[in-house]
Structures are given as structure tokens and as C-alpha cells.
Amino acid sequence: METNEIQKKIQELQSLAEKSNVNIDSDIKRLSEKLGEGARMTPADLWKKIQLARHSDRPTTLEIIATITESFMELHGDRYYGDDAAMVGGVGLLEGRPVTFIGHQKGRNMKENIRRNYGWAHPEGYRKALRLAKQAEKFGRPVVTFIDTAGAYPGIASEERGISEAIARNLKEFAMLRTPVLCFIIGEGGSGGAIGIAVGNEVFMLENSFYTVISPEGCASILLRDPSKAPEAASQLKLLPSDLLAFGIVDGIIREPDGGAHIDHVVTAANIKAQILDSLKRLETKTGEQLARERMAKFMSMGRFVEEGGPKSNFFQRLFSITRKS
Amino acid sequence: METNEIQKKIQELQSLAEKSNVNIDSDIKRLSEKLGEGARMTPADLWKKIQLARHSDRPTTLEIIATITESFMELHGDRYYGDDAAMVGGVGLLEGRPVTFIGHQKGRNMKENIRRNYGWAHPEGYRKALRLAKQAEKFGRPVVTFIDTAGAYPGIASEERGISEAIARNLKEFAMLRTPVLCFIIGEGGSGGAIGIAVGNEVFMLENSFYTVISPEGCASILLRDPSKAPEAASQLKLLPSDLLAFGIVDGIIREPDGGAHIDHVVTAANIKAQILDSLKRLETKTGEQLARERMAKFMSMGRFVEEGGPKSNFFQRLFSITRKS
Amino acid sequence: MASFQHLLDRLFLKKQAVQRTTPDTDERRLVAQKHSCPSCHEPLEVGELEANLFCCPKCQHHYRITAAERIKTLVDPESFVEFGEEIDSVNPIGFPGYEGKLSEARNSSGPGDSVTNGIALIDGRKVILSIMNFKFMGGSMGSVAGEKLTRALLTGLEKRLPVVLFTTSGGMRMQEGIFSLMQMAKTSAAIAQLEMAQIPLFIVLTDPTYGGVTASFAMLGDVILAEPGAAIGFAGPRVIESTIRQKLPEGFQKSEFQLAKGFVDAIVPRTELKKTLGFLIDTHSNNLRVR
Amino acid sequence: MASFQHLLDRLFLKKQAVQRTTPDTDERRLVAQKHSCPSCHEPLEVGELEANLFCCPKCQHHYRITAAERIKTLVDPESFVEFGEEIDSVNPIGFPGYEGKLSEARNSSGPGDSVTNGIALIDGRKVILSIMNFKFMGGSMGSVAGEKLTRALLTGLEKRLPVVLFTTSGGMRMQEGIFSLMQMAKTSAAIAQLEMAQIPLFIVLTDPTYGGVTASFAMLGDVILAEPGAAIGFAGPRVIESTIRQKLPEGFQKSEFQLAKGFVDAIVPRTELKKTLGFLIDTHSNNLRVR
Ligand SMILES: [Zn+2]
Ligand SMILES: [Zn+2]
């Protein structure tokens, strides 16, 4: 975890600077930008990583769950309309501890992919995810999500049944959950379809995964006016784990076996499990209210802009004095 | 309101008996049974009342709302699947006080009836009702519902989208609402489709309405093996307001103009409005928690059976000591 | 009005036929008579069926079972202690012939109405158990069933124990009129109490579960399981067919349909139920341990 | 893998065309040039249009308006006080050409990015107002828009005032990469704060509202209104057409469609908005008064 170590160094630096009241923001920014491995790669090399993230033999959500839990039971249905096979979830025992798992599910072959719609979920998938997350909250279980989707499905039925509403509601409700929420981008982290189950206290990316506001192909079509320029767009979008770690958007990178996660599912799953256990040790000491407040604060502080007449932290300090009252 | 006065007498008697520790339950029961006007009527006379309840000119939910409020805005949609025209709702001002209104909506003519499915709601209707009720709770508004349906729609789509789940969820969620809930059976109170929006702190029936576990026609088909015996079944089911008042299931009867509500919509609506204002005066002094607890206790105590070895009240006393703790 | 009346007439014209078939007793009697499974037509003996928890070993057809058989096939031996058996039905609306029906049902199915309550161990875990019995007046829910279900739920609340309900019902007991309808609200209000206290509720839907039972507590479990092939719905198939005037699709309202439509968490064969419920109890007991 | 790539290719092949049309400016320019309404082809003058809040008096076609025009047509005269104008965009992921695009947008639409915040009176009621502007880079939501929306929401929380948001957006600002995606979670988390404090939030969807804006705060209002005929959706029509390889039905994704599908509380003509919002504020202010 080379980049992880660099990130740790940066964090140490930052806390040191805060203590000594020295402003090193601009230095950190420069450092972070250099850190982004995408910047050091040719678009062709970067594209190989994108292909790894989409590799058909990559471990899927259900495989990872099966590998890391002692036992797991899949729970189905959104209680409104259907059961979406592109989004799975259930309850498992992880080192004796009950955990709710939720994730996008791609197929291993053509037939399964058709059934699972290639991991593109419909509204009922997001609603099932929310139902299971609230069930976890009710019974005091942490939530672990696995993100692996090109996006929410762009089809007629998906719009008719309110894919926007389903994702939006999840963003709000996941923010408020009074239980630990951990998110792992295990392959493709495609836009709204990804973030719809990725509002967590800690968010991690597998080494060969990506997380982006728009697919490289979509970005190439729209901004470069040529879908074949996807590798170039991917390079511009800064969507690799190292980029997002440097940006402070994700909290860590999970190492994959040499050659990629598909080479050794067991090792990949073990690395994920180690991170879950490590994070839970930390998060389970907190109250539900604390977890929800920290999660909301984390996402409410995201974004980069310049502000005249004072640092933005003032605004958020003011906010937290409000929320503490209520 | 002759029957109302009799009912008041019974209540006075009961509270007197309680204070003096005299058991008059069996006397009350006999009295109540006598009170039921259905018992005094021929099936043919009773059937005329059923026909009045189903009269095509009877005031509908939207008409009553329009008559009693200073202003009203209909709000649409369940946020999951659709907007059911057989179930309407929205926010209105009643003597300056914001109130959420919800109710089944029948059509005035064939065309409107087709659009409104004759007041048979689908799951999305019950889900819209719940959404609006929760919105009312959030913003501290009382909820007033108008029940007027032959039942929830028995069709393929209705089953596919979970009419059972929708009604069940409403029963649970309406029970828990931390705001006053008043229910008015204004015409047909048909089975699960009726009770799906009829869990209130106080439940009233219009003079020519009925409220039943099964339609007279259905009961006649199943138990009397002849659907044409519906008047006889209606008489056996004890579904008139006076019956239900005597049973302690409803809290009052709203007087209709001579000849029925359809003769004078304005007078009918005024009588309903007077009851809403009277009830709210009483209920609005209570906290949300109190209202929810009383509503739950009210419905949890419904049912008639014999118990060996002790009165059932012990069990409920035990219960309320539990719920008060939590 | 005319067309509305017409709709009503159509609705209930054929209902009678549905309510009167009891394939349950027929099916198991058929096995005894014909020595074969009426579902897959393979050879089958009564003893064999009983040894396999009343599921056909060949086609996995799940035969209907009574509350007593459910207890025998599910809970740890000798662990079931019944409670709430001291309440009994009255004729609250003076419905003609109801007393007769009741005593007939008591004679053929024993006392206790359509619900049996108890405290028991499932694979070593203590639970409150409430089991419906289709044999008692079609598992219909009147005041006694509603009260017993409510007591089971509130006992779970009081003792902070998980509650497991097995459903099977033709719907509400119409002979009790409005009192039976109110049992829907009553049981649901009891579940609201459990929800506020974060006590887990597990529902197992079995063949058949219809009407007011489905539209109240049966759909309010934290986890809802179903036995394979069970018919589960609000309106009965004949009622729907006569309303829409067309044939229903294959598999309509079956467990597998309800799973696909998002209303059932999992379909669990009877042979797996004990293990599955044990796992669910373990994973839903964090709140119970804490307090 | 091959077919998956194929799906992706199909998905984005035609997207370009959608994003580049701006019927907005075209439409109002057409009225000036042709002295008629491009929607109903009836005679129409610019002055007449403006006098009718930029709605065609004949066909009620709602022309797109800027944030400044929205303020002018909605709030009580002189009551609008802007806030939050002191923040500005950077190029957070070093996206090629983004600075140029930004200064181009600033030149043509003025500063303030795609969101304008203020405190104002609507028919005498004090509210926090946040209005999106489609003219600024297609109303796309980047860090500045997300921050401004969040500040509007949190100001409502702080001051215990109702919040009214007007949406119009092509989606997220992809030049800000992952930072723009995070604005969906950011604005939604701010709404979670409002919800816990029971502060009312009213959304008005205007033409067009798409992508990450629809799939976050735009769908989270306590009441959601839409102007007539507005296009509202997650994926754009061309993206969907190229995925499913068929034409979309008439009226797909329009306000009227969203109303029928249950996602919009009411469609309100621009001329009625002031009155409607006033009524909603009055009926949702019990909690505000109490504290
Ligand atoms: Zn068989
Ligand atoms: Zn026009």
C-alpha cells in the first residue's frame, strides 16, 4: 500500500501543521496532486486499470461476502415493487458479529448478467438497499456496502419508478443512519448509481477500481466529442483510488494481488475483511448519533472552492453548534 | 342524534358502575345489543340505508373538504410508483388551522368513476395516504381521513404491487402517529380498504354509512350461498352506525339531513366540521406521544371473548407499564 | 350506480367455490389412500411423508400441517410451553349459527381457536411462538385469534424475546363482523409497540395466507419468510378472476411470485426453517443482549 | 465483456447531441425575431411575454428564465437580499480547459455560478431562497453550486425559516470530477439536518432538471412542485433511447408524467407560484412558530 503510506505521511504533516498553526494547505494540495498516479500514467496504462476494474473474473459482491463471512443469508425485496437482482443484500456473521451487507451484483456469465442487468440497478434495488440498511440500524448492526456498477439503469421503467427519487432518498437516509457504515468500491464506481449506496463513515477503494461522476466513455462523448477518446477522458477525470485518496474523498486503498483482484479472490477478500474489522474496531466505540453526525459532516465538507473574506470552516462551526443543540 | 344520547347514557352508567365497583358488563351488553337499530329494522329497510350509503349523489371526500376548508391544496403521489385517483389528500386550512385531509374518492359520473376506479384504491393510494400522514406528523398538523370505499381493489396489479403490504404498513404507522387522527366513514366502509386509513384517535360514522368486514354481497355469497340475500347478510353483519357505536367501535354518529346526505351537502359537511373542531379542541391538548399511546391502546383493546381465571385488563395494565418505560 | 352494483355482483358471485375447498385434508388423505404424492404422482407413504416434515421427498411439495405438527417439526423437543389457552370465542354480534360452527370446529380441531401461543426453544434460542391453524375454521382471525396474537407479541415485548409467527388463514372471521376487522388494527398496533422497543419479529408465511391476515401482521415482520409454493395474497384468485374477467397467470400469488415482487425476504424449505430461524435470531439480537 | 462494452458504447454515442441544444435562448430569441410563440405559433411580442411572467398567454408554454428573472417574478419587490456570493470555483482536478469555460460562463451570465442564494419575502412570508440558473454552464452542479445550496439549507436551519429551492440543471459538472459527484451527498446530508429539525423544504422543478440534481436534493422536498411541461429526469432522453433502442413515449419525463408517476405533488403554473408557495409556507409553519 505505497500510496496509503504517502497519504499517511500527508496526514501526519497536516495534523502537525494544525497543531503549530501553520498554513500548509497549498503545499498539501501540490503534494496531493503529484500523488495522483493517474497524472504519472499514460492514458493507455490508465485504461488497463479501468479494464481491470471491469474484468469479468473480478470478485463480485456475493463472492466477497461468501468468502469473508462465517455464514450469510440473502434477504430480498424492496416491499414496494420487486426484487432487483442487480442489487443484493443480507445479513452475515463476520467473526461472530452480525453485519448487514449490501452491494451491486454483476453476473459471472452472459446468462447471469442478463438476469442481473450487468449490475445496473433499478429503483427497487436502491429501495431494497435502504430497507436493509434501516433494518441494520434498528437491530444495531453495522452496514458494509460494495459498489460495483457502471451506473443506475437509464431505461424507461427505471425513470417511471423514480430512479432519481430512490437514489436521492438513499443519500439522505444513509447520511442519517445511527450505525457504522463502511463502503468499498470494488470495481466500477459509476456516478449516481454508485454514490446511491456509498455514503459511509469510511469509504475505501480497491487498488484497481475507479469512482467517477461520469463514465470515461460518456465524458469522452460529451467533452471530447469522440467516445473513442475514453482513455484520455479517464485520465482527465482523476478517477483512480490514488487520486481520490489524495483528494480526501476516500479513506484508504485496499491492496489487490499482483495482476489484479481476479487473480486471487481469497486474498482480495481477506484484505477487505481486514479493513472492515479494523474500521469497526474504531467505529463501534461511537454512539449512533455520533456516527450519523460525523458522516453528515464528512460529506457536507466535500467540495473545493475559493472564498473571499474568511475560511469556510466558520460556517461549519456555526452549523455544528446548531445541530448539537437540536 | 337519538342513538348518541342513548350511548351517552350508557357511558354515564358505565363510569358510575366503575366508580362504585359494580359489575354491570352483562347489562351493558344487553342494552347495547338492543340499541342496534339494525335489529329493529327489517332487512329491506336496512338495505335502503345501504343504498343511501352508496348513493351516487352522496358528498365525496373532495367535496366535503372543499366545503369545510377556507382553502385546500391537493398533494399527489406516493413517491414510489404513481398517483392513485381513488385516494386523495392534501393540506387545508380549517378555521385558520392547517389540517391534512386524506380520503377515498369516488366519481360523480361514469367517466370520473372510471378514472377514480369507483373509489377502489391500489397500493399507491395507501402509500400516498401514509406519506401525507407522516408529513402531517412532521409539521404538527392533525390528520382527518374520510373513508368511502367498497374495498381495496382486488386485481392483478394491486396484488403485484402489494396491496396487503400497503394496508398492513398503514395500520402500523397510523397507530404510531404523534398527531391527532380523526376518521369519518362517510359512505361505504369496506373491509381492509377502509381500515387502511381508519386507525384514528376518534372514529365517526355518518348516519347513513356502514362499516363492515365484508360486503353484504360477499357475505351472502359465502355464508348464505346466495348473493341476492345481501339485505339479510347486511342485517346479520351489524354494520350500521348505531351497531358500531353500541359495540364501542366508533365514537359517534354524524347526523345527516332528512332523506340522506345527498339531499344537502352543505349541512352534512357542516356537521362533520363541527365534529372535527370539537374533537380537535379535546385532542390538541395532548402530546404526540400521548395521542399515539392512546390510539394504540384503543385498538389493542378491541375484540370480544371470554377469559377464564381473570379479567383481561390485567394484561393491558401490564403492557402499559412496559410501554411507559420505553 | 348500476355498473357499480354490477361490479360488486361479479366480485362475489364465485367466491363461494374458493372458500369451500380444503385441499389440505384432501391431499394428505390422498397419500394414505393412493400411496402416492398428488403433486408429482410418485409413490409416497404416509410414514415417509411424516419423516420428511410433511414435504414430498421427490418434488418438495409442502403439505399443510397443523399447529401441533408445526411445533413438533420445529422446536426443540419438550421445549414448547403453551400460554394464552384460557380465552375463548363468544358470538359478539349474535351472528346466526356461529356458536354451532365454533363447537363443530372445537370438536374436530380441539380447543384454542385458530392460534396457538407458546414459549419455546428453536435450536437452543428462546422465542415466543404463535402458530395459526388452518383447520380451525380456515384459520380465520376473530377476536380470540387477534387477542392471542397480540398477547404473543406483547409477551415478546415484556420478556424482550424475539417473536416468530406462522401464518395460515383464509382471512377475517366474518361471523364476528366488525370485531374481526378490528383485529387487523389490533395486531398491527401491537407490532408498532415491538418496533419502538426494537424487538425482532419474524413471520413465516405458509399455505394459504389470505385476506386480513396478509394485510396486517403477516406483512409486518422484520424478516418475512415463506414456505415454497404457498399461496399468499389479499384477494382470493376467484375474486380477482371474476373482477378482471380473465385467467390469472401461472404461479400468481405463490411464494415465488411474492419473492419476485419484493414482499418476501426468502423462501425457506420446511427442512431448513429451524436453522434459518436460528441464524436470524442470532443476527437480530444485539438490542436484546444490550439491555 | 464484449457485450458490456457494447452497451456502454451505445449509451454514450448520442449523448453529445442532447447536451448541446439550448432551446431556452433559442426560444425567446425566436419570439423577438418572428413575433410569435414557437410552441403554439400564435402572435406574441416580447413585452407581452415578459408581462405574463414569461409564459405564453395563449398556450401557457413556460419559457425558461434566469435566476434574476425568477426573483423578479416571484418575490415581493425589493425584498431579496443575496448571500453566499463570495465563493467561487477553482479547477479542483486540473481538468483541461475548465478555467476557460468558467470565465466564458461568467462573462455571459455574470458571477455567482449556477446558484443564487438569498433571503426574501414571498407574499409577505420570509424564506430562504436558492435558485439555479441554467444559463451558467447548463445549470451544472459543481463544488460552488453544492456549497451554495448547502449554505441556503443550513441558513434555513439556523434561522428556522422555510427553504425554497428552484431547480434547473443538466446534471453534475463533470469538469470537477469526483468533487461534483460528492455534491449530491453533500446537499442531501444538509437536507437530513433540516429534516431532523422539522424545517420545511419546498422544491420547484423547472425546465430542465436532470442527472445528479434530480437524483439528490430535487427529490427531497417536503413538497415538490413543478412548472407545467418541464423536462425532469435522471438520464437524458437520448441516453435512454440509445440504451433501449426505441423511441420514448410522448410526454416522457415531463412534469405531467412525473405527477402521474407519483414524484411531484402538484404542477403549478408560474402565475400561481407565489400564491401556492405562500399557502404551503403557512400550512407548514407550526413547528417554526412553536419554538
Ligand atoms: Zn411429490
Ligand atoms: Zn404559445
Side-chain angles (χ1 to χ4, degrees), chain A residues 33 54 56 110 113 118 150 152 154-156 158-165 167-169 171-172 175-176 191-192 195 199 211-215 217-223 225 227 236-239 243-244 247 249 296 299-300 302-309 312 315 318-319 322-323 326, chain D residues 1 3-4 7-9 11-13 15-16 19 86-90 92-96 143-144 146-147 150-151 154 157-158 172 174 177-186 188-193 196-197 212 214-220 233-235 239-240 243-244 248 253 261 263:
Chain A
E33 272 161 11
R54 291 172 175 168
S56 62
M110 176 64 88
N113 257 327
Y118 296 87
I156 291 183
S158 191
E159 297 282 330
E160 282 179 334
R161 298 198 292 270
I163 187 65
S164 300
E165 192 278 343
I167 291 173
R169 188 185 296 227
L171 295 176
K172 185 193 72 183
M176 297 165 80
S191 196
I195 202 169
V199 174
Y211 192 12
T212 181
V213 67
I214 185 167
S215 73
E217 290 82 355
C219 184
S221 291
I222 298 166
L223 293 184
R225 303 182 193 194
Q236 295 176 355
L237 281 168
K238 304 273 168 64
L239 41 64
D243 299 314
L244 272 70
F247 294 151
I249 299 292
M296 286 190 275
F299 283 91
M300 281 203 289
M302 283 183 184
R304 286 200 177 166
F305 49 85
V306 287
E307 177 158 23
E308 292 166 27
K312 70 169 181 172
F315 190 79
R318 210 170 65 193
L319 157 72
I322 301 167
T323 56
S326 66
Chain D
M1 270 312 280
S3 84
F4 175 64
L7 188 69
L8 270 179
D9 288 349
L11 248 178
F12 295 104
L13 224 61
K15 196 165 184 178
Q16 195 176 330
Q19 304 271 340
E86 67 280 2
I87 66 173
D88 223 331
S89 292
V90 293
I93 64 166
F95 199 89
S143 294
V144 166
E147 175 72 11
T150 300
R151 290 191 184 190
L154 298 181
L157 180 69
E158 191 187 30
M172 307 312 297
M174 65 191 99
I178 196 70
F179 287 102
S180 74
L181 186 66
M182 291 301 127
Q183 304 312 305
M184 292 173 66
K186 175 173 178 159
S188 303
I191 291 174
Q193 300 266 337
M196 290 186 294
T214 314
S216 61
F217 65 91
M219 282 290 138
L220 296 175
F234 180 61
V239 175
I240 298 171
T243 309
I244 61 170
L248 293 172
Q253 292 184 328
K261 297 302 173 190
F263 300 104

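For the numbers below, each heavy atom of this structure counts, side chains included, while hydrogens, waters and symmetry mates do not. Reminder, nothing fancy here: chain letters follow the sequence lines and each chain counts from 1. Every value quoted in this text rests on a predicted model; they were computed, and no experiment measured them.
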Peer 1: So which part of A/Val199 gets closer than 4.5 Å to some heavy atom of chain D, the side chain, the backbone, both or neither?
Peer 2: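 Only the side chain of A/Val199 comes within 4.5 Å of chain D.
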Peer 1: Would you mind reporting whether A/Val213 and D/Ile178 have side-chain heavy atoms less than 4.5 Å apart?
Peer 2: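 Of all side-chain heavy-atom pairs linking A/Val213 with D/Ile178, none is under 4.5 Å.
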Peer 1: For each of A/Thr212, A/Leu239, A/Ile167, tally heavy-atom pairs with chain D at distances under 4.5 Å, and name the one with the top tally.
Peer 2: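 Option with the top pair count is A/Ile167.
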Peer 1: Could you tell me if the side chain of A/Ile249 sits less than 4.5 Å from the side chain of D/Phe179, heavy atoms only?
Peer 2: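 A side-chain contact exists here, since the closest heavy-atom pair is under 4.5 Å.
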Peer 1: Backbone N or O of A/Met302 within a donor-acceptor pair of the D/Lys186 side chain at under 3.5 Å?
Peer 2: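 Side chain of D/Lys186 to backbone of A/Met302, a donor-acceptor pair under 3.5 Å: yes, one is there.
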Peer 1: Rounded at 0.5 Å granularity, tell me how far CG in D/Leu220 sits from NZ in A/Lys172.
Peer 2: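 Between atom CG of D/Leu220 and atom NZ of A/Lys172 there are 5.5 Å.
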Peer 1: Taking all atoms of both residues into account, what is the closest heavy-atom pair of A/Met296 and D/Ala189, and its distance?
Peer 2: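 Looks like SD-O, 4.0 Å.
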Peer 1: Tell me the closest heavy-atom pair linking A/Phe247 and D/Pro92, and the distance in Å.
Peer 2: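 What the structure gives for the nearest pair is CE2-O, 4.0 Å.
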Peer 1: List the steps, then state whether side-chain contact (heavy atoms from CB on, under 4.5 Å) holds for A/Tyr211 with D/Leu181.
Peer 2: CA-CA 9 Å; A/Tyr211 192 12; D/Leu181 186 66; 3.6 Å; yes
Peer 1: Could you go step by step and tell me if A/Val306 and D/Ile87 meet the side-chain contact (heavy atoms from CB on, under 4.5 Å) rule?
Peer 2: CA-CA 6 Å; A/Val306 287; D/Ile87 66 173; over 6 Å; no
Peer 1: For D/Ile93, is there any backbone N or O sitting under 3.5 Å from a side-chain donor or acceptor partner on A/Lys238?
Peer 2: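 Answer holds: yes.
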Peer 1: Using 0.5 Å steps for rounding, measure from the CE atom of D/Met174 to the CD1 atom of A/Ile214.
Peer 2: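 One finds 4.0 Å between CE of D/Met174 and CD1 of A/Ile214.
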Peer 1: Between A/Glu159 and D/Ala235 (side chain of the first, backbone of the second, donor and acceptor by atom type, cut-off under 3.5 Å), is there such a pair?
Peer 2: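 It does hold such a pair.
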Peer 1: As an exercise: rank D/Ala185, D/Gly212, D/Gly233, D/Ala190 by heavy-atom pairs under 4.5 Å with chain A and give me the winner.
Peer 2: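 Top option by heavy-atom pairs under 4.5 Å: D/Ala185.
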Peer 1: Please give me the minimum heavy-atom distance between A/Ser164 and D/Thr214, naming the atom from each residue.
Peer 2: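 Result for this residue pair: OG-CG2, 3.3 Å.
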Peer 1: Using 0.5 Å steps for rounding, measure from the CE atom of D/Met184 to the OG atom of A/Ser191.
Peer 2: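 With rounding to 0.5 Å, CE (D/Met184) is 6.5 Å from OG (A/Ser191).
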Peer 1: Can D/Ser143 and A/Phe305 be said to form a side-chain contact (heavy atoms from CB on, under 4.5 Å), step by step?
Peer 2: CA-CA 6 Å; D/Ser143 294; A/Phe305 49 85; 4.2 Å; yes
Peer 1: I'd like to know which of A/Ser158, A/Gly162, A/Ala175, A/Ala152 tops the heavy-atom pair count under 4.5 Å against chain D.
Peer 2: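 The residue among A/Ser158, A/Gly162, A/Ala175, A/Ala152 with the greatest pair count is A/Gly162.
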Peer 1: With heavy-atom distances below 4.5 Å as the criterion, would you say the side chains of D/Gln193 and A/Met300 are in contact?
Peer 2: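 Of all side-chain heavy-atom pairs linking A/Met300 with D/Gln193, at least one is under 4.5 Å.
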Peer 1: If we define contacts as heavy-atom pairs under 4.5 Å, which of D/Met172, D/Gln183, D/Met219 has the most with chain A?
Peer 2: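 Among D/Met172, D/Gln183, D/Met219, the one with the most close pairs to chain A is D/Met219.
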Peer 1: With a 4.5 Å limit on heavy-atom distance, are the side chains of D/Lys261 and A/Glu165 in contact?
Peer 2: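 Result no, sub-4.5 Å side-chain heavy-atom pair not found.
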